[in-house]
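Notes follow the structure.
No hydrogens, no waters, no symmetry mates; every other heavy atom, side chains included, goes into these values. The sequence lines fix the lettering, A, B, ..., with proteins before strands; numbering per chain opens at 1.
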Number of protein chains: 2
Amino acid sequence: MATPSPRSSPKPSGLDCRLAVLGTDARLTPHRREVFQALAESNDHPTAYDLFAKVKERSPSISLATVYNCLEHLTTHGLIRQVQLERGQSRYCANLHEHVHFHCETCGKVIDAHPAADFDPAKFWNLPAGTKVTRMDIAIHGTCSACTDKS
Amino acid sequence: MATPSPRSSPKPSGLDCRLAVLGTDARLTPHRREVFQALAESNDHPTAYDLFAKVKERSPSISLATVYNCLEHLTTHGLIRQVQLERGQSRYCANLHEHVHFHCETCGKVIDAHPAADFDPAKFWNLPAGTKVTRMDIAIHGTCSACTDKS
DNA sequence: CCATTCAATTAGAATCATTCCAATTCTAAT
DNA sequence: ATTAGAATTGGAATGATTCTAATTGAATGG
């Protein structure tokens with residue numbers, strides 16, 4: 001459905017801008033809003049548990065299961081990205097601009113790196129004809145400059 | 001150590017070519033050899049459990065823990081790659097040529113795609129100065145041509 | 001304004017993949 | 001043969017995520 005849901009979220013606010021722009025039918029309930037906000041405020045790439053801890057400060061009653069539900073909802077509605085940098089915990093990212101993740105294997109830090117203006121990834125890989133690309137996950141592993149300096 | 005280990009594997013065979021070429025000090029014990037061979041023979045991207053099932057046919061006594069140990073050993077010695085396409089199970093890949101993984105979200109199939117000859121990924125992303133890159137994981141998600149045709 | 005309905009939320013159990021651990025086995029050199 | 005060290009084992013433990021069933025809450029129709 002492209003029409004707005006009959007049951008809209010309680011209080012439209014600044015965060016709904018993204019909703020409106022994207023034209024999704026995602027409903028931003030208070031919890032979803034808080035999870036989204038917590039993610040948007042972090043420039044590291046938090047795990048579900050990190051976000052749980054952060055949201056809990058404001059809403060002590062929230063459960064980890066709800067955080068997972070919210071993240072799932074936000075991800076499938078394209079409001080956030082889920083990133084899988086290594087085995088184990090997934091990480092989340094509110095930066096929807098096309099970017100890649102640099103992961104420092106020494107300190108664990110994750111840095112967003114943006115592609116040069118003329119970057120057109122599709123033309124560099126010889127995908128079979130008829131293949132449709134919906135998204136790309138590009139993870140670059142190495143050592144960040146701070147860790148390189150230390151060693 | 002660059003010198004060969006004092007304790008070499010029992011029977012040098014064709015598989016050791018890779019070892020020799022790569023100049024690693026990995027020891028290919030029978031189990032490690034079998035796990036490697038099972039992986040090298042598959043063109044899908046098997047999980048640890050897939051490989052466990054396959055190796056079990058020849059060596060019924062092998063345990064899943066050993067398969068994990070072998071995969072860990074082979075990965076850290078650069079003989080195979082571990083790929084993380086989505087949440088959950090890791091997949092493994094014996095193709096060491098520079099390539100990206102195309103993952104069909106409909107049928108789950110994973111296809112290796114090789115970059116065009118002039119592809120130089122490093123220059124497309126503006127990584128901070130001093131950053132050292134050791135490896136890149138590039139996963140492209142979408143729909144393969146077979147699944148596109150069906151719909 | 002109250003009842004109904006449906007989704008959101010919850011806690012805790014269950015599952016799944018992976019890792020850890022302690023005991024055993026194997027290999028190669030002494 | 002004996003020893004030392006690594007490989008292997010099974011099973012327990014862990015950690016992340018998902019499932020389930022019950023509860024809550026909001027908006028709509030009566």
Side-chain angles (χ1 to χ4, degrees), chain A residues 1 3-12 24-36 38 45-53 55-56 58-77 79-80 82-92 108, chain B residues 1 3-12 24-36 38 45-53 55-56 58-77 79-80 82-92 108:
Chain A
M1 312 171 211
T3 49
S5 157
R7 180 139 148 271
S8 57
S9 51
K11 276 186 188 174
T24 75
D25 62 347
R27 279 178 294 235
L28 280 192
T29 62
H31 277 167
R32 288 176 186 165
R33 189 180 305 272
E34 284 186 82
V35 170
F36 179 86
H45 292 65
T47 63
Y49 194 87
D50 292 339
L51 291 167
F52 171 56
V55 170
K56 222 175 154 72
R58 312 196 122 226
S59 302
S61 72
I62 200 169
S63 75
L64 181 54
T66 299
V67 172
Y68 272 108
N69 288 343
C70 292
L71 290 170
E72 162 81 14
H73 180 91
L74 293 168
T75 303
T76 57
H77 284 82
L79 300 174
I80 64 174
Q82 191 233 81
V83 295
Q84 195 71 45
L85 290 166
E86 43 187 353
R87 221 178 253 195
Q89 294 171 96
S90 298
R91 300 181 165 275
Y92 297 86
Chain B
M1 314 170 213
T3 50
S5 156
R7 176 136 151 276
S8 58
S9 51
K11 279 187 192 174
T24 74
D25 63 347
R27 280 179 294 236
L28 280 191
T29 64
H31 276 166
R32 288 178 186 162
R33 189 181 304 273
E34 285 187 82
V35 170
F36 179 86
H45 291 66
T47 63
Y49 194 88
D50 293 338
L51 291 167
F52 171 56
V55 170
K56 223 175 152 72
R58 312 197 121 228
S59 302
S61 73
I62 201 169
S63 76
L64 182 55
T66 299
V67 172
Y68 271 108
N69 288 344
C70 292
L71 290 169
E72 162 81 14
H73 179 92
L74 294 168
T75 303
T76 58
H77 285 82
L79 299 176
I80 64 172
Q82 190 233 80
V83 295
Q84 195 72 45
L85 290 167
E86 45 188 351
R87 220 179 257 194
Q89 296 171 94
S90 297
R91 299 180 167 275
Y92 297 86

Could you state the atom-to-atom distance from [atom1] of [X] to [atom2] of [N] in whole Å?
{"X": "A:Ile62", "N": "C:dA8", "atom1": "CD1", "atom2": "C1'", "answer": "11 Å"}
{"X": "B:Arg33", "N": "C:dT27", "atom1": "CZ", "atom2": "C1'", "answer": "14 Å"}
{"X": "A:Gln82", "N": "D:dT18", "atom1": "CD", "atom2": "C1'", "answer": "13 Å"}
{"X": "B:Tyr92", "N": "C:dA17", "atom1": "OH", "atom2": "P", "answer": "12 Å"}
{"X": "A:Phe52", "N": "D:dA16", "atom1": "CZ", "atom2": "P", "answer": "13 Å"}
{"X": "B:Leu71", "N": "C:dA17", "atom1": "CG", "atom2": "P", "answer": "14 Å"}
{"X": "A:Leu74", "N": "C:dT9", "atom1": "CG", "atom2": "C1'", "answer": "15 Å"}
{"X": "B:Leu85", "N": "C:dA17", "atom1": "CG", "atom2": "C1'", "answer": "16 Å"}

Is the backbone of B:His73 close enough, under 3.5 Å, to the side chain of B:Thr76 for a donor and an acceptor to pair up by distance?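 Looks like yes, one N/O pair under 3.5 Å.
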Is it true that a side-chain atom of B:Glu86 and a backbone atom of B:Ser90 form a donor plus acceptor pair closer than 3.5 Å? no
Quick check for you: to the nearest 0.5 Å, what is the distance between [X] atom [atom1] and [Y] atom [atom2]?
{"X": "B:Cys70", "Y": "B:Ile62", "atom1": "SG", "atom2": "CD1", "value": "5.5 Å"}
{"X": "A:His31", "Y": "A:Asn69", "atom1": "NE2", "atom2": "CG", "value": "11.0 Å"}
{"X": "A:Glu72", "Y": "A:Arg32", "atom1": "CD", "atom2": "CZ", "value": "10.5 Å"}

Under the rule of Watson-Crick or G-U wobble with both distances under 3.5 Å, where | means paired to another strand and [ ] a crossing pair, DNA chain C maps to ||||||||||||||||||||||||||||||
When you compare the protein's N or O atoms with those of nucleotides 19-23 of chain C, which come within less than 3.5 Å of each other, and at what distance?
residue, atom, partner, partner atom, Å
C:dT19, OP1, A:Arg87, NH1, 3.2
C:dT19, OP2, A:Arg87, NH1, 2.5

Hey, does the side chain of [X] come within less than 4.0 Å of [N]'s phosphate (OP1/OP2), counting only N and O?
{"X": "B:His31", "N": "C:dC26", "answer": "no"}
{"X": "B:Ser63", "N": "D:dT8", "answer": "no"}
{"X": "B:Ser90", "N": "C:dT18", "answer": "yes"}
{"X": "A:His73", "N": "C:dA7", "answer": "no"}

Heavy-atom closest contact ([X] atom, [Y] atom, distance):
{"X": "B:Val67", "Y": "B:Ala48", "value": "CG1-O, 3.7 Å"}
{"X": "B:Val83", "Y": "B:Tyr92", "value": "CG2-N, 4.3 Å"}
{"X": "A:Arg87", "Y": "B:Gln84", "value": "CA-OE1, 3.6 Å"}
{"X": "A:Phe52", "Y": "A:Leu64", "value": "CE1-N, 3.3 Å"}

More 5' along DNA chain C: B:Thr47 or A:Val67, using each one's nearest nucleotide?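 Whichever sits nearer the 5' end wins; that is A:Val67.
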Among B:Leu71, B:Val55, B:Leu74, whose side chain to side chain contact (heavy atoms under 4.5 Å, CB included) with B:Phe36 holds?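 In the set B:Leu71, B:Val55, B:Leu74, the residue that makes a side chain to side chain contact (heavy atoms under 4.5 Å, CB included) with B:Phe36 is B:Leu74.
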Considering only heavy side-chain atoms of B:Thr29, the closest of C:dA8, C:dT10, D:dT8 is D:dT8
Listed nucleotide nearest any side-chain atom of B:Ala48, set C:dT18, D:dT8, C:dA11: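 Selected nucleotide (nearest to the side chain): C:dT18.
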